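A short worksheet on the structure shown next.
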Amino acid sequence: MPELPEVQTVLDGLEAAVKDRIIADLEGYYPGTVRLSPGLPQSCFPRRFASFERRGKYMIIRLEGDLALIVHLRMTGKLVWDPSPGEILPHERARIILDADQAVHFIDIRTFGKIILCRTEEIAEYLPDLGPEPLSNEFDKAYLATALAKRKAPIKNALLDQSLVAGLGNIYVLELLYRAGIDPRREACGLSSLQLGRIVKHTKEVLAEALAANGTSVSDFRSIDDKTGEFQNFLRVYQKNECPRGHKIEVVKQAGRSSFFCPVCQK
DNA sequence: CAATGATCCTGTCCGC
DNA sequence: TGCGGACAGGATCATT
């Protein structure tokens, strides 16, 4: 469930906690969670953190000496900073051991999350085809018009496609479509220029607000120091019964996922 | 190329 | 009380 604002929040917290520190080791406790690029040096650690970036929902953590960690939380992944780690925790799938006997736990109930260790020149190979960052200038009305021109799928499904725009998930797509006044079932290529403009505007707006609120904590999202986000307090349709104007929210399944929308406000 | 459905996985919740 | 099933959902893969 972590989407762009949640991933950025976790990454910012990680950077604050471990910047200038040294990774002593990377341990995997669940098969497939940690993946090492073939042919890496015999011992990759100890090694110092160099930089912390986000691309879509991926965290890209560069290490000195041209290596990088690519971290994806998928649905239930969490990073938890721990100044005095002990035994393996419940659902702990991997652990980044730091110097001074500290650690960052990778907790992931549903085990879909991944940590990849690779050379910096291999980063692109380990990332899928990702569309523009929604907060960048590249994501504008003209881009969207071109990208959606042949998309007959519902606009909701198109916006969840990471190769079209990178970082949106179910919650923010539904929230931005409510704000834009567009029914999530509308055919993507059938939207007017005015509507595309509203999608761009409200995508940026809802993401900026969620970032300022440190993300949305539905179920169990936490930042790295276990703080909840606050944006759940500002949701207008996701898991709501009524929209802000008092209309009844409708729920439908789209591509296997729940879509919440207001049939009065969204056309 | 676009779209759909199955798959991965486990905790939680609902109905019987 | 307990159990089966639905559900949650991001990304990948296979299929149409």
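Please read these numbers as outputs of a predicted model, since none were measured by experiment. In the text below, chain A, chain B and the rest are named by the order of the sequence lines, each starting its count at 1. Values reported hereafter were calculated over all heavy atoms of this structure, with side chains retained and with hydrogens, waters and symmetry mates removed.
- Residue A/Tyr238 has its side chain nearest to C/dG9 when only B/dG11, C/dG9, C/dA11 are considered.
- Counting non-hydrogen atoms of other residues, nucleotides and ligands closer than 6.0 Å to CG of A/Asp99 gives a total above 12.
- For a distance-only test at 3.5 Å, the side chain of A/Arg257 qualifies as a donor-acceptor partner of the base of C/dG10.
- A/His91 has no side-chain polar atom (N or O) that falls below the 4.0 Å cut-off from OP1 or OP2 of B/dC9.
- For C/dG9, the base has a donor-acceptor partner in the side chain of A/Arg110 [N/O atoms by modelled type, under 3.5 angstrom].
- Summarising the geometry, the separation between CG on A/Asn170 and P on C/dA11 is reported as 12 Å, rounded to the nearest angstrom.
- Between A/Ser258 and the phosphate of C/dA8, there is a side-chain N or O to OP1/OP2 separation shorter than 4.0 Å.
- In this structure, A/Asp161 atom CG and B/dA2 atom P are separated by 9 Å, rounded to whole Å.
- Between A/Glu92 atom CD and B/dT10 atom C1' there is a gap of 17 Å when expressed in whole angstrom units.
- Minimum atom distance to the side chain of A/Tyr58 is reached by C/dT12, of the listed B/dC9, C/dT12, C/dC7.
- The separation between A/Met75 atom CE and C/dC7 atom C1' is 11 Å, rounded to whole Å.
- Distance CG (A/Leu160) to C1' (B/dA3): 14 Å, rounded to an integer number of Å.
- OP1 or OP2 of C/dA11 lies within a sub-4.0 Å distance of a side-chain N or O belonging to A/Lys57.
- When all heavy atoms of A/Leu36 and A/Val34 are compared, the closest pair comes out as CD2-CG1, 4.0 Å.
- Rounded to an integer number of Å, the gap from NZ of A/Lys156 to P of C/dG10 is 8 Å.
- Within the 4.0 Å cut-off from OP1 or OP2 of B/dC9, at least one side-chain nitrogen or oxygen of A/Tyr30 is found.
- With 3.5 Å as the limit, one finds no donor-acceptor pair spanning the side chains of A/Tyr58 and A/Gln162.
- Regarding A/Phe112, its CZ atom lies at a distance of 15 Å from the P atom of B/dA6, rounded to whole Å.
- Residue A/Lys150 contributes atom NZ, which lies 8 Å from atom C1' of B/dC1 at whole-angstrom precision.
- Side-chain proximity of A/Ala153 to the nucleotides B/dT4, C/dA11, B/dT10 is greatest for B/dT4.
- A 6.0 Å sphere centred on NZ of A/Lys240 holds more than 12 heavy atoms belonging to other residues, nucleotides or ligands.
- Side-chain polar atoms of A/Ser259 and A/Lys253 form no donor-acceptor pair below 3.5 angstrom.
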